[in-house]
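Below, each value reflects all heavy atoms present in this structure, side chains not excepted, and no hydrogens, waters or symmetry copies.
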Amino acid sequence: MDLSDEIRIPAPRARVYAALQDADILRACIPGCEELIKHSDTDLEAKVVFKVGPVKARFAGKVTLNPESPPERFTLQGEGSGGVAGFAKGGAVVTLEDLGDETILRYEAKAEIGGKLAQLGSRLLQGTAKKLAGNFFETFQQTLTDEVAKV
């Protein structure tokens, strides 16, 4: 499964990059996130609950960040297990383009899913993945917009 999108965020690139590295901000923005622990600047551990069609699962997983050329670009790789519901693994490339007081965030992500989740069909999975990504970025964008408005 492949996902990509472009989001305009009303904050400078350095602030957007810093927010994408902030475990508290990420925890608040990830749909269904119960726990997000930052073990180091590159290693995170998460527990997330979400529902895809008739399957509801709690996933535990790890994410590794690779800050290739901050604050312009970084990659991430992750994998998680949802018990009998299945597993997910994948990665993404995130680029940030500076537009003065605003930033264009672009991402390209690829994911593999197995177990009961994989049996649900690609159309349902793709739709759910787009919805979850959309919810994350909408909340992330609003968080930074609210932060800028306070200043």
Side-chain angles (χ1 to χ4, degrees), residues 1-9 11-53 55-99 102-144:
M1 170 177 22
D2 295 342
L3 290 173
S4 62
D5 203 355
E6 176 177 301
I7 299 98
R8 180 175 237 135
I9 300 172
R13 179 173 59 187
R15 179 61 196 124
V16 173
Y17 183 84
L20 288 167
Q21 310 300 310
D22 185 316
D24 291 331
I25 290 174
L26 294 174
R27 185 180 310 109
C29 295
I30 297 170
C33 185
E34 294 182 332
E35 182 176 76
L36 184 66
I37 301 167
K38 188 171 184 176
H39 294 293
S40 71
D41 286 344
T42 59
D43 295 314
L44 300 161
E45 182 179 350
K47 290 188 178 147
V48 179
V49 174
F50 65 87
K51 186 175 179 186
V52 181
V55 179
K56 182 177 180 181
R58 174 176 280 116
F59 278 79
K62 296 180 181 181
V63 176
T64 303
L65 303 172
N66 180 4
E68 296 172 358
S69 56
E72 295 90 17
R73 174 185 165 99
F74 69 93
T75 60
L76 57 99
Q77 292 289 119
E79 60 183 59
S81 174
V84 296
F87 70 89
K89 64 181 176 178
V93 175
V94 179
T95 57
L96 302 174
E97 181 182 337
D98 189 11
L99 292 175
E102 295 187 327
T103 302
I104 301 274
L105 182 152
R106 292 181 184 91
Y107 71 88
E108 292 183 26
K110 294 184 183 287
E112 291 179 48
I113 297 170
K116 283 187 180 180
L117 287 174
Q119 297 170 2
L120 294 175
S122 62
R123 181 176 273 169
L124 177 60
L125 290 171
Q126 187 81 16
T128 301
K130 282 184 178 184
K131 181 180 176 186
L132 291 171
N135 288 346
F136 170 83
F137 284 110
E138 183 178 307
T139 305
F140 183 77
Q141 182 180 41
Q142 190 60 52
T143 298
L144 289 180

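- Heavy atoms of other residues, nucleotides or ligands lying less than 6.0 angstrom from CD of E108 number 12 at most.
- K38 and A23 get closest at one heavy-atom pair: CB-CB, 4.0 Å.
- Checked against side-chain contact (heavy atoms from CB on, under 4.5 Å), I104 has the following partners two or more places apart in sequence or in another chain: E6, R8, E97, L99, R106.
- For the atom pair CD1 (I113) and CE (M1), the distance works out to 3.0 Å, reported to the nearest 0.5 Å.
- Distance check, rounded to the nearest 0.5 Å: CD1 of I7 to CZ of F136 gives 9.0 Å.
- Residues passing the side-chain contact (heavy atoms from CB on, under 4.5 Å) test with E112 are K89, sequence neighbours excluded.
- Checking side-chain atoms of T103 against main-chain N and O of I9 turns up no donor-acceptor pair under 3.5 Å.
- Scanning both residues, L117 and L125, for their nearest heavy atoms gives O-CD1, 3.4 Å.
- Considering only residues two or more places apart in sequence or on other chains, F87 meets the ring pair (Phe, Tyr, Trp, His ring centres under 6.0 Å) condition with none of them.
- In this structure K110 satisfies the side-chain contact (heavy atoms from CB on, under 4.5 Å) test together with D2, sequence neighbours excluded.
- Among residue pairs with one or both ends in residues 114-137, none qualify as salt bridge (charged side-chain N to carboxylate O under 4.0 Å, His left out); sequence neighbours excluded.
- Among all heavy-atom pairs drawn from P31 and N135, the shortest one is CG-CB, 3.8 Å.
- The side-chain heavy atoms of D41 and L65, taken from C-beta on, include no pair separated by under 4.5 Å.
- Residues satisfying the side chain to side chain donor-acceptor pair (under 3.5 Å) criterion with D24, sequence neighbours excluded, are R27.
- Note that the CZ atom of R15 and the CG atom of L96 stand 12.5 Å from one another [nearest 0.5 Å].
- With sequence neighbours excluded, the residues satisfying side-chain contact (heavy atoms from CB on, under 4.5 Å) with A57 are F59, A85.
- The salt bridge (charged side-chain N to carboxylate O under 4.0 Å, His left out) search around K47 returns E35, not counting sequence neighbours.
- When all heavy atoms are compared, the tightest approach of G53 to L124 is CA-CD2, 3.9 Å.
- Residue pairs meeting the ring-ring contact (aromatic ring centres under 6.0 Å, His included) criterion with at least one partner in residues 16-36, sequence neighbours excluded, are Y17-F74.
- The side-chain heavy atoms of L20 and L105, taken from C-beta on, include a pair separated by under 4.5 Å.
- Applying the ring-ring contact (aromatic ring centres under 6.0 Å, His included) test to residues at least two apart or on different chains, none of the pairs has a partner in residues 18-41.
- Considering SG of C29 and CG of L144, their distance stands at 7.5 Å, rounded to 0.5 Å.
- Taking Q126 as the reference, nothing meets the side chain to side chain donor-acceptor pair (under 3.5 Å) condition, with sequence neighbours excluded.
- In this pair, F137 and F140 present their aromatic rings perpendicular. The plane angle is above 60°, beyond the 30 to 60° band.
- Listed by first and then second residue, the salt bridge (charged side-chain N to carboxylate O under 4.0 Å, His left out) pairs involving residues 57-86 are R13-E72, E34-R58, E68-R73 (not counting sequence neighbours).
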